[in-house]
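Here's the structure we're looking at; comments come further down.
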Amino acid sequence: MWLEQLRRRLAKPKTSVQLCLLGVSAGLIAAFFIILFRLTILFFQSIFLETPDDFTTLPTLERVLMPLIAALLIAFFAAFTGFKHYRLGIPFVIHRIKRHYGQMPLYNTLNQFVGGALALISGFSVGREGPSVHLGATGASILATKLHLPHNAMRTLSGCGIAAGIAASFNTPLAAVIFVMEVVLREYKVHIFVPIMLAAVTGALATQFVFGEGSELALISIAPLSGWHYPYLILCGMALGAIAYSFNQNLMLIIKTFKPLSMFPRLLIAGCIASLIAYTVPQAMGSGMSAITIAVESPEDMQLLTTILIAKLLATLFAIGLGIPGGLIGPVIGLGVLIGTLMAFFAQFISPGTDIAGTYGVLGMAGLLAATLHAPLAALTTVMELTSSPEIIVPAMIVITTAYVTALQVFGNRSIFLQQLDFQELPYQVSPATEALQKVGVMDEMDEDFKLLYSDDKQQIKNTLDAMDSQTPLIVFDEENGYRLAEYDLSLMSDQATNLSYISLAGISSQATLADAFELLNDKRSGALYVYNLLDNQQIMGLLRWDQIHHILTIRNSLL
């Protein structure tokens with residue numbers, strides 16, 4: 001009984017204690033999966049690495065063979081589970097959120113966990129946030145599916161799982177919330193925002209309990225910049241916008257070029273390229289955190305940083321472009337820090353004697369992140385949380401806005417995630433009407449004051465209608481016609497006879513949203529649906545008419 005009451009409550013597009021508690025639960029489940037994922041990587045890396053993600057101490061032969069062996073294992077596991085389940089990462093999650101309310105297939109998640117772990121263990125230039133987002137969304141999907149929650153609540157809980165995944169990856173709960181709103185859901189609603197915020201905090205706290213409170217940028221020292229730097233920061237932002245556009249274009253070029261090849265040879269080519277880079281520039285291996293360490297320790301070595309930047313760029317483009325299961329954000333952060341540190345070489349003439357390499361490294365990361373992902377606010381909050389430095393806010397705003405506007409207006413750049421979705425032909429766009437209706441479950445709007453009659457006898461139906469309130473609908477059922485709405489046809493009424501009219505009723509699950517009902521009735525723009533219990537399709541719970549949905553769209557849309 002309490003579960004039924006919970007489902008009815010969650011069908012409403014409102015903030016509730018129940019939804020907040022489920023958001024926290026989704027955050028805990030997501031954090032569990034991601035902690036398990038990270039511990040798996042750390043365990044295997046500890047066997048052969050002195051420092052996690054630092055492959056420079058490995059013997060050359062081991063360093064070269066590891067990516068190749070990992071690529072083969074990823075390919076074999078993908079073949080075992082079925083290559084059709086090899087759509088992974090943030091783009092796939094966006095598609096599932098927009099078109100399937102965040103329901104995540106199991107085999108895709110298995111590929112993401114195993115393949116992502118193998119890629120990160122062996123030194124591919126991919127990030128852990130892609131698998132984390134996928135695993136977080138799956139954890140929330142499992143929770144919603146087991147409780148048979150309405151799809152509108154499942155959609156919100158999937159956002160909670162994603163936020164917990166980002167927060168657990170980078171220890172940035174606020175940036176995780178903004179990322180979900182800005183990149184994944186692409187909307188801001190209070191009843192969605194609050195549970196997502198709680199889930200992000202839960203994910204961050206759970207991760208801090210296991211891995212501590214440190215962040216990847218803790219080594220970087222931030223020095224305040226005077227106003228004399230601002231004109232140069234504008235130029236840096238413009239350069240970062242151009243680099244982001246070039247990065248996205250080249251990544252899509254690689255994806256399109258190698259599309260004719262099947263997955264197995266693509267992964268094998270990715271392994272060979274990663275092995276070649278591992279042999280020549282081992283500092284470019286890994287998710288990007290080792291590149292940050294090198295930028296902090298050797299900011300004056302322009303030749304080394306340039307070499308790592310080029311190798312890291314190639315390693316990232318070919319790893320992601322050829323289908324290695326990992327994230328994009330981690331390598332972009334590493335690339336941004338390298339680019340920013342290189343830009344600091346010329347900025348030293350503005351402030352001689354001041355160590356500003358760390359500041360510019362962070363600004364480079366912020367600008368490249370904002371322009372590549374089309375997420376300026378998420379980039380700004382990431383910088384604020386990772387550095388805990390108020391002095392960085394104004395310079396970061398200058399670089400982020402300049403980079404974003406340059407990439408968007410000058411080069412026509414689009415979010416790399418949306419470009420990947422378009423190329424994979426995974427739909428993610430929904431109409432404003434559908435998006436509004438996705439937030440409301442059918443149980444919130446259905447008419448429960450009805451009478452159900454199992455008969456096709458016209459006289460019995462007339463007698464029942466006469467005995468009922470004229471406002472109460474009568475649903476009749478017989479084996480031949482199924483469920484129908486019976487009412488008097490006033491247009492055909494005469495003094496001698498009373499005629500009945502019937503409206504055929506299609507069924508819709510109590511788990512569905514008004515968007516699903518709208519899709520069923522939209523062609524005729526009339527009619528009605530009966531709502532049946534998800535767990536017992538013989539139990540009719542209510543009636544939903546087209547007029548009710550039309551009223552919500554035209555009168556109450558602002559409430560959604």
Side-chain angles (χ1 to χ4, degrees), residues 1 3-12 100-101 103 145 147-152 154 433-434 437-438 440-553:
M1 180 61 69
L3 265 178
E4 186 63 31
Q5 293 176 348
L6 173 66
R7 295 177 189 125
R8 287 174 178 267
R9 177 68 205 184
L10 295 178
K12 302 177 183 293
H100 301 279
Y101 300 106
Q103 297 180 71
T145 301
L147 296 178
H148 303 291
L149 300 182
H151 284 151
N152 62 308
M154 179 183 288
T434 301
L437 294 174
Q438 282 180 342
V440 188
V442 292
M443 285 191 293
D444 185 42
E445 293 294 330
M446 67 183 181
D447 183 2
E448 298 180 70
D449 185 16
F450 67 94
K451 184 171 180 60
L452 181 60
L453 177 65
Y454 290 93
S455 174
D456 61 347
D457 182 81
K458 289 186 177 181
Q459 189 58 46
Q460 186 179 1
I461 294 173
K462 288 179 181 180
N463 293 339
T464 305
L465 283 172
D466 291 338
M468 290 168 48
D469 187 320
S470 60
Q471 301 299 316
T472 302
L474 173 64
I475 300 175
V476 297
F477 176 82
D478 62 83
E479 292 294 339
E480 181 179 353
N481 299 298
Y483 290 98
R484 295 181 294 170
L485 185 64
E487 56 189 21
Y488 285 128
D489 190 344
L490 300 178
S491 64
L492 300 176
M493 206 179 246
S494 67
D495 294 336
Q496 293 78 20
T498 303
N499 295 289
L500 293 173
S501 66
Y502 298 96
I503 300 174
S504 296
L505 297 177
I508 191 169
S509 165
S510 59
Q511 199 175 18
T513 68
L514 292 185
D516 304 313
F518 178 79
E519 187 176 346
L520 289 173
L521 298 175
N522 188 39
D523 288 339
K524 294 188 296 183
R525 294 187 175 264
S526 63
L529 303 168
Y530 68 88
V531 180
Y532 62 85
N533 192 319
L534 173 69
L535 303 178
D536 180 10
N537 58 16
Q538 298 299 316
Q539 179 189 352
I540 307 301
M541 300 179 64
L543 186 71
L544 188 64
R545 296 176 182 266
W546 166 260
D547 294 342
Q548 294 170 265
I549 302 174
H550 185 260
H551 175 77
I552 291 170
L553 285 176

Revision key, fill the gap. Rounded to the nearest 0.5 Å, the CD1 atom of Ile475 sits from the CG atom of Leu543 at a distance of 4.5 Å
Point to revise | Leu544 side, atom CG; Met446 side, atom CE - distance, nearest 0.5 Å | key: 9.5 Å
Exercise for review: Check Pro150 against Ala11 and note the closest heavy-atom contact, atom names and distance.
Suggested key: CG-N, 4.1 Å
Practice item. With side-chain contact (heavy atoms from CB on, under 4.5 Å) as the test, would you mind laying out the steps for Tyr532 and Ser510 before giving the verdict? Key: CA-CA 6 Å; Tyr532 62 85; Ser510 59; over 6 Å; no
Check your understanding: Is a side-chain donor or acceptor of Gln548 paired with a backbone partner of Glu445 at a separation under 3.5 angstrom?
Key -> yes
Review point. Heavy atoms, side chains only, cut-off 4.5 Å: are Ile552 and Val440 in contact?
Key: no
Point to revise | Heavy-atom check, side chain of Leu437 versus side chain of Thr513, under 4.5 Å | key: no
Check your understanding: So Asp478 and Arg484, side-chain contact (heavy atoms from CB on, under 4.5 Å) or not? Walk me through it.
Key -> CA-CA 9 Å; Asp478 62 83; Arg484 295 181 294 170; 3.3 Å; yes
Practice item. Rounded to the nearest 0.5 Å, what's the gap from CG on Leu453 to CE on Met468? Could you check? Key: 9.5 Å
Review point. Where is the tightest heavy-atom contact between Ile461 and Leu500, given as atom of each residue plus distance?
Key: CG2-CD1, 3.9 Å
Exercise for review: For residues Trp546 and Asn522, determine if any side-chain heavy atom of one lies less than 4.5 Å from a side-chain heavy atom of the other.
Suggested key: yes
Check your understanding: Can you name the one residue among Val442, Leu520, Leu505 that meets side chain to side chain contact (heavy atoms under 4.5 Å, CB included) with Leu529?
Key -> Leu520
**Study point:** Pair Phe450-Leu485, side-chain contact (heavy atoms from CB on, under 4.5 Å): steps then yes or no
**Key:** CA-CA 10 Å; Phe450 67 94; Leu485 185 64; over 6 Å; no
Check your understanding: Can you say whether the rings of His151 and Tyr101 are parallel (under 30°), tilted (30 to 60°) or perpendicular (over 60°)?
Key -> parallel
Study note, to complete from the structure: Heavy-atom closest pair (Ser455 atom, Asp457 atom, distance to 0.1 Å) is OG-N, 3.1 Å
Review point. Are Tyr502 and Val476 close enough that some pair of their side-chain heavy atoms sits under 4.5 Å apart?
Key: yes
**Study point:** Inter-residue atom distance Asp444.CG - Lys12.NZ, 0.5 Å rounding
**Key:** 4.0 Å
Review point. Is Asn152 reaching over with its side chain to a backbone N or O of Leu10, donor-acceptor style, under 3.5 angstrom?
Key: yes
Point to revise | Separation of Glu4 CD from Met541 CE (nearest 0.5 Å) | key: 4.0 Å
Exercise for review: Indicate yes or no: at least one non-hydrogen side-chain atom of Ile503 is less than 4.5 angstrom from one of Glu487.
Suggested key: yes
Check your understanding: Just how far is it from atom CE of Met443 to atom CZ of Arg9, taken to the nearest 0.5 Å?
Key -> 12.5 Å
Review point. What do the steps show when you test Phe477 against Ile540 for side-chain contact (heavy atoms from CB on, under 4.5 Å), and what is the final call?
Key: CA-CA 11 Å; Phe477 176 82; Ile540 307 301; over 6 Å; no
Exercise for review: Measure across Ser526 and Leu521 and return the closest heavy-atom pair with its distance rounded to 0.1 Å.
Suggested key: O-CD2, 3.7 Å
